[in-house]
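Here is the structure we will look at.
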Amino acid sequence: MMRDSHARLERLTSMLRRRGVILPAFEIHGGVAGLFDFGPIGGRLRRRLKNAWLEHWSSHGNIVEIDSPTITPESVLIASGHVGEFNDYMSECCACNGAFRSDHLVEGLHPNPDILTAEELNSIITDNSIPCPSCGTAEWKPPQPMNLMFDTQIGAMKGGRTAYMRPETAQGMFMLFPALYRHFRNRLPFGAVQSGKGYRNEISPRQGMIRLREFNMAELEYFIDPETKPAHDFSKWNDVTFSLVPDPEFGGPVEMTPGKASDENIIRHPTVAWFMARTWDFLVDVGIHPSKIRFRQHEGTEMAHYATDCWDAEIHGSYGWIECVGIAHRGCYDLAAHESATGDKNLRAWRPYDTPKVVDKTILAGIGSVIGPAFKSKAGMVNSALEALDDLPKSFPFKLILDDGSTVTIESEMVEEKHIQNTEHGEWFLPHVVEPAFGIDRILWHVLDHAFEETEKGGETYTVLRLRPTVAPIDVAVLPLMEKDGLQSISEDIHQLICSTKNLASYYDGSGSIGRRYARADEVGVPWALTIDHETLENGTVTIRRRDDGKQIRSQPQDIITALTTNTIDELF
RNA sequence: GCGGAUGUAGUGAAGGGGUUAUCACCUGAGGUUUCCAACCUCAUGUCACGGGUUCAAAUCCCGUCGUCCGCACCA
């Protein structure tokens, strides 16, 4: 069984190379691990998958697309926590050469190993003679920094500003929070999506498309008011059960509807549950088998530095269960971090009170003509200290402590009692954010993996890529039954016509037997094949063949194009 | 990053110190046939890269890079 699935994986990757879908990059220069090219078929497939993703989210009406730079100044990633998180130290064992994360070795010996320097880690490791987990020896080389981000310099000359290629696209959305807030006329909830490249300098990328050094990601940041109870309608998913694998601390795997999982607090936040459901919709839409999707909750120990709850959508394929989407409740972590790093006050949202809060207060107000001459340059501080008094003194004179720590004596003739009324109409708060983050390459891989079907035809294996029409890179194959008697030029005209139709792609294939050409089209997942034959010369009709069952009907090319663009082609059959 | 295996056309493989590197599929041209990988003829294209040994290296040796398996790593 294992051997069979391994052989299938090899046949699939061979086909992807041979047909120009996905290929190792820079191969004529020896190749680079973790970098891949998308060929003519793969490029379109990825484009369609991304478009499907963007359309899926923009259909909500309060989610917009943005695009931000991949080069990111260091300070942004220090604030976000990535510089700390992505710069771990590794210790190497002198005896067996095993490499381990230094902070993992000293776990339990220090409350927060993450923050230790190389020297501190080294001394804890040597002082405690920590044994090597694989060979037991307690001799270590000094910890070496391991930087998982690609670094670079902004500015061509020496002394430029340090920057990194972004390890995620999320920070771009946080940077744009003020603009988004204005765009949505100061009203939560709203979201922003971005799809683009991310970079991680993996130590040893393996498993093909699963771990890449440069990858396509698509992230959504959905900003919410933590005090508004979200109203999500889960009734749409009442007849689908999700496979849920909660943190073992909270219980074993269950199958249930997202609505019920939310009601029973297995998924702690309704918005997280709702995004899980919408994610499930997306994955199924682009051709992932529903039975091969499960949601796994992160355990406390593996939770990223920013998250308060996190569910991964995992997809099962040739490499087992693989995390393809992470849906994290990040709380206000990022906005708070950037606020405290920059002092910028625009990362908050305004929450009006239902009824304004009226605060009645009796205060002692300084009498300017007395306070001024009495305290001179300190008069301002005295006034503000008086206003800030919560409990009015019972008698005069009394001592008043100023902001600078000094004490002054206040006499009764310096002040008068005043009633003031303050009306607060609302407050500024840091929005919370729910972040679904999609690994496009991993999803794309599984779309191919699930679509790749090997059947038998006349004793030979026959390969069909059962891609959904929404993601299929090519919509139509145009095939003249033979390239003579004028069939060729009609076919080329039809091919041109289809290619010039918006959102449709056709490819022309005139060589080899008709059966061979159907097979070639099936192998890369072309859903429809038009064949031009002698009857076309008489009445203009062509045959259209459906990939998934080989069924054919006759119709006019223009009617077929209309049906394709309106997504009603199946009605012709 | 460590250990083991490995690198030959687009794909999959065989071979191997000595003239022009082999096979199948694939791809292209011509012929024939015409609706599901038919056939015939011809053609294109390959020894990962760099260095060394040698009269001669795709072959032996070393290094680099890549790939696979195991360990470790994987916000």
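Here is how names work: the chains are called A, B, and so on, in the same order as the sequence lines, proteins then strands, and each is numbered from 1. Remember, predicted model here, so these are calculated numbers, not experimental data.
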N/O contacts under 3.5 Å, protein versus nucleotides 49-51 of chain B?
none

No-H, no-angle donor-acceptor pair, A:Arg211 side chain to B:C73 base, under 3.5 Å:
yes

RNA chain B nearest-nucleotide lookup for A:Thr543 and A:Glu202: closer to the 5′ end is A:Thr543

Exactly one of A:Arg330, A:His298, A:Gln297 should register a side-chain hydrogen bond (donor to acceptor under 3.5 Å, both in side chains) with A:Asp309. Which one does?
A:Gln297

Geometric cation-pi criterion, A:Arg294 with A:Trp321: 6.0 Å, 45°:
yes

Enumerate all atom pairs, one protein N or O and one N or O from nucleotides 66-70 of chain B, separated by less than 3.5 Å.
{"residue": "B:G66", "atom": "O4'", "partner": "A:Gly30", "partner atom": "O", "Å": "3.2"}
{"residue": "B:C69", "atom": "N4", "partner": "A:Arg206", "partner atom": "NH2", "Å": "3.2"}
{"residue": "B:G70", "atom": "O6", "partner": "A:Arg206", "partner atom": "NH2", "Å": "2.9"}

Using Watson-Crick geometry (N1-N3 plus N6-O4 or O6-N4) or G-U wobble (N1-O2, O6-N3), each under 3.5 Å, B:A24 is paired with B:U11

Is any side-chain N or O of A:Asp533 under 3.5 Å from a base N or O of B:C35, one able to act as donor and the other as acceptor?
yes

Sticking with atom P, work out how far B:U64 lies from B:C55, rounded to a whole angstrom.
28 Å

Identify which nucleotide among B:C36, B:U34, B:A37 has an atom closest to any side-chain atom of A:Met482, counting heavy atoms from C-beta outward.
B:U34

Checking B:C35, B:G12, B:U34 against the side chain of A:Lys484 (C-beta onward), the nearest is B:U34

Minimum-distance nucleotide to A:Ile514 side chain [options: B:A29, B:G10, B:C35]
B:C35

Any side-chain donor-acceptor pair under 3.5 Å between A:Glu219 and A:Thr169?
yes

Determine whether a donor-acceptor pair (one donor, one acceptor, N or O, separation below 3.5 Å) exists between the side chain of A:Gln552 and the base of B:C35.
yes

Test log, rule side-chain contact (heavy atoms from CB on, under 4.5 Å), inputs A:Leu220 and A:Phe275:
CA-CA 10 Å; A:Leu220 160 55; A:Phe275 274 112; 3.3 Å; yes

Has A:Arg516 got a side-chain N or O lying under 4.0 Å from the OP1 or OP2 atom of B:U27?
yes

Which nucleotide sits closest to the side chain of A:Arg18: B:G10, B:C36, B:A29?
B:G10

Classify the ring geometry of A:Trp445 against A:Tyr319: parallel below 30°, tilted from 30° to 60°, perpendicular beyond 60°.
tilted

Less than 4.0 angstrom between a side-chain N/O of A:Arg520 and OP1 or OP2 of B:U27, yes or no?
yes

Partner of A:Ile532 under side chain to side chain contact (heavy atoms under 4.5 Å, CB included), chosen from A:Val542, A:Thr541, A:Leu537
A:Val542

Between A:Glu323 and A:Tyr462, just flag the one whose closest nucleotide in RNA chain B comes earlier from the 5' side.
A:Tyr462

Using only heavy-atom distances, decide whether a donor-acceptor pair under 3.5 angstrom links the side-chain of A:Arg545 to the base of B:C36.
yes

Please work out if A:Thr531 contacts a base, only the sugar-phosphate, or nothing of the nucleic acid, heavy-atom cut-off 4.0 Å.
base

